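As structure tokens, the structure follows; a few thoughts come after it.
Predicted, not measured: the structure shown is a model, and the values here were computed from it. When reading the values below, keep in mind they use all heavy atoms of this one structure, side chains included, and skip hydrogens, waters and symmetry mates. Quick note on labels: first sequence line is chain A, next is B, and so on, each numbered from 1.
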2 protein chains.
Amino acid sequence: MKKIRIPENLTSMAYRAIKDYILDGRLDENTRLTEEFLSQRLGISKSPVREALTRLESERLIQIEPRRGAYLRKFSIKEIGDLYDLREALEVYAVGKTQLSPALLAGLRESVERSRTHLEANDKRRYIEEDVNFHASLTAASGNELLTEILRNLQHQVWLFRRKTYDLSRSKATDTHAAIVRALEEGDKSRAQRLMREHIGEVRDKLIHYLEEQGER
Amino acid sequence: MKKIRIPENLTSMAYRAIKDYILDGRLDENTRLTEEFLSQRLGISKSPVREALTRLESERLIQIEPRRGAYLRKFSIKEIGDLYDLREALEVYAVGKTQLSPALLAGLRESVERSRTHLEANDKRRYIEEDVNFHASLTAASGNELLTEILRNLQHQVWLFRRKTYDLSRSKATDTHAAIVRALEEGDKSRAQRLMREHIGEVRDKLIHYLEEQGER
DNA sequence: TAGGAGGCACTACCATGCAACTATTCATCG
DNA sequence: CGATGAATAGTTGCATGGTAGTGCCTCCTA
């Protein structure tokens, strides 16, 4: 019998823990993520923490200023715009490549249903998770794992600055998701692509508008 | 006067050195990149080397097998196909977003000229660099820095397995580049996009075909 | 009061050492 | 002779400690 692998080391454990910690959204964006604090919190030494931080930096979730430490990444409005533009291009592309299957469609329908439920229950947390899940499922159906990974990372970046802007266009989003599923059910990928493009573009525009207003105050 | 920053630490130095080392192409793909070898070669300790390696792994240039060490990343044919599909989608998108300017067009024309020169001189090294440079310039003209960074990384991944396949469709590529520039000069972005799509698709197909033949032997 | 110099506390960065694990070699047995 | 197991060499993964860079605070001076 093959030996059981424990493909887990403290670095990857720390990576996930810190990532969860910063994506949770309760963190002020100016707090410094010191090695000592993180290592004590996780009960490990600084070495794996440092490695986890370098990985998080290369994923653009934190920024490390030499000799000064690690902070949550700050995004300019232009960077946020670029990010959404890219998401739009990639998700539209993914929809075009979708390998349709009954299982996929069923999964998407269920996702939309769950979104509706959480929306009615006003359960923000689960609603957002389901929204992310919808996009992730659709992307994964393209069969391109590299694309899926990149989009997951872009989504995580989005999380960093969307913490306080949940309320923008919620119910509309679910309806659009449902419309996308309908288009796919009818095998009309180009309509699904158009809907996806409009969907992300709309979220983008509302978010940018909101941020610009905030910035002026 | 502001204090002069030295935004450099051994980790980033090691990162660049190791990256250059593995992208250089002289490395056998089964050699193990041991921490001790790298740290001795660079004259530093293992700590910054380890951090550089974790960063390179998250950029998909190497793969670290737990408790076993770091190797050059190996790509399956499917992964290579996915990579090119993504490059195609992103570069076509970038061309669509290009902010045309006389300076850009002049730069691209010069790049094509240099490519022709290196091709005639049979200078592979410079020719490839110029090819990469052409695509990078065009991408950068989209104004989307995130996109530019992602494409640069994809390009680096391509370098890892294109070391021995330089000869496939070289002169053709330069002609296509020239055609793309002409389309942009005429302000016909959609033609430029179509050419770019065909260009990358063609390179992709030839490469995959070549690799499949190799695999059968 | 504003500006600068000096000191102090903090902590990132890196070096080093050790323990745990992997792979390999060699010996032993069926 | 092939297979199994133990010993061994080699390396990763992690902890720990020292050094030096950074920012803040205080005190001094103009």
Side-chain angles (χ1 to χ4, degrees), chain A residues 1-22 27-74, chain B residues 1-22 27-74:
Chain A
M1 172 169 136
K2 212 171 182 182
K3 200 188 283 185
I4 295 171
R5 285 264 187 171
I6 312 163
E8 189 70 344
N9 47 28
L10 287 186
T11 298
S12 52
M13 190 269 270
Y15 164 75
R16 275 185 288 115
I18 299 173
K19 188 164 169 178
D20 287 349
Y21 180 55
I22 62 181
L27 211 50
D28 181 88
E29 69 174 26
N30 284 54
T31 51
R32 200 165 155 193
L33 296 164
T34 69
E35 298 172 3
E36 187 172 348
F37 169 74
L38 292 171
S39 57
Q40 282 192 1
R41 187 188 158 96
L42 299 174
I44 61 180
S45 85
K46 297 178 298 174
S47 307
V49 168
R50 276 186 65 79
E51 289 173 23
L53 289 178
T54 62
R55 182 159 166 202
L56 288 168
E57 189 195 23
S58 78
E59 293 180 2
R60 305 175 121 247
L61 295 181
I62 63 174
Q63 49 195 48
I64 297 176
E65 300 174 21
R67 294 267 169 208
R68 296 208 47 239
Y71 299 82
L72 289 192
R73 195 174 207 294
K74 287 166 191 153
Chain B
M1 172 164 136
K2 211 170 181 183
K3 198 187 284 186
I4 296 172
R5 286 264 185 170
I6 313 163
E8 189 70 344
N9 47 29
L10 286 187
T11 298
S12 52
M13 189 270 270
Y15 164 75
R16 275 184 289 115
I18 299 173
K19 188 164 169 177
D20 287 349
Y21 180 57
I22 61 181
L27 211 51
D28 182 88
E29 67 175 25
N30 283 53
T31 51
R32 200 165 154 192
L33 296 163
T34 69
E35 297 173 6
E36 186 172 348
F37 169 74
L38 293 171
S39 56
Q40 281 192 1
R41 187 187 159 97
L42 298 173
I44 60 181
S45 85
K46 297 181 302 171
S47 306
V49 168
R50 276 185 66 82
E51 290 173 22
L53 289 177
T54 61
R55 182 159 167 202
L56 288 168
E57 188 195 25
S58 76
E59 293 180 2
R60 306 176 119 247
L61 295 180
I62 63 174
Q63 49 194 50
I64 297 176
E65 299 174 21
R67 291 270 169 207
R68 296 208 46 238
Y71 299 82
L72 289 191
R73 195 176 207 295
K74 286 165 191 153

Length of the line joining L53(A):CG and dT11(C):P, which is rounded to integer Å: 14 Å
Whole angstrom value for the distance that separates P of dT11(C) from CD1 of I64(A): 16 Å
Under 4.0 angstrom between R68(A) side-chain N/O and dG23(D) OP1 or OP2: yes
From M13(A) atom CE to I18(A) atom CD1, the distance as rounded to the nearest 0.5 Å: 9.5 Å
Protein-nucleotide distance (N9(B), atom CG; dC13(C), atom P), rounded to Å: 6 Å
Separation of dG18(D) C1' from E35(A) CD (nearest whole Å): 14 Å
For atom CD of E36(A) and atom P of dC13(C), their distance in whole Å: 15 Å
Approximate separation, where rounding is to 0.5 Å, of E35(B) CD and K46(B) NZ: 6.0 Å
Charged tip of R41(B) within 45° of Y21(B) ring normal and under 6.0 Å: yes
I44(B) CD1 to dC13(C) P, straight-line distance once rounded to whole Å: 14 Å
Residue-phosphate contact under 4.0 Å: R50(B) side-chain N/O, dG13(D) OP1/OP2: yes
Atom pair OG (S12(B)) and CD (E51(B)), whose distance is rounded to the nearest 0.5 Å: 10.0 Å
Nucleotide nearest K46(A) (side chain, heavy atoms from C-beta), chosen from dC14(C), dC13(C), dC14(D): dC13(C)
Sugar-phosphate only, base, or nothing, as touched by S47(A) at under 4.0 Å among non-hydrogen atoms: base
Sidechain N-carboxylate O distance under 4.0 Å for K19(A), E59(A): yes
Integer-rounded Å distance: dC13(C) P and E57(A) CD: 9 Å
Nucleotide dT16(D), atom P - distance to CG of L10(A) in whole Å: 12 Å
T34(B) side chain, from C-beta outward: closest of dT11(D), dC14(D), dT11(C): dT11(D)
Nearest to side-chain heavy atoms of R67(A), which nucleotide of dG21(D), dT22(C), dC14(C): dG21(D)
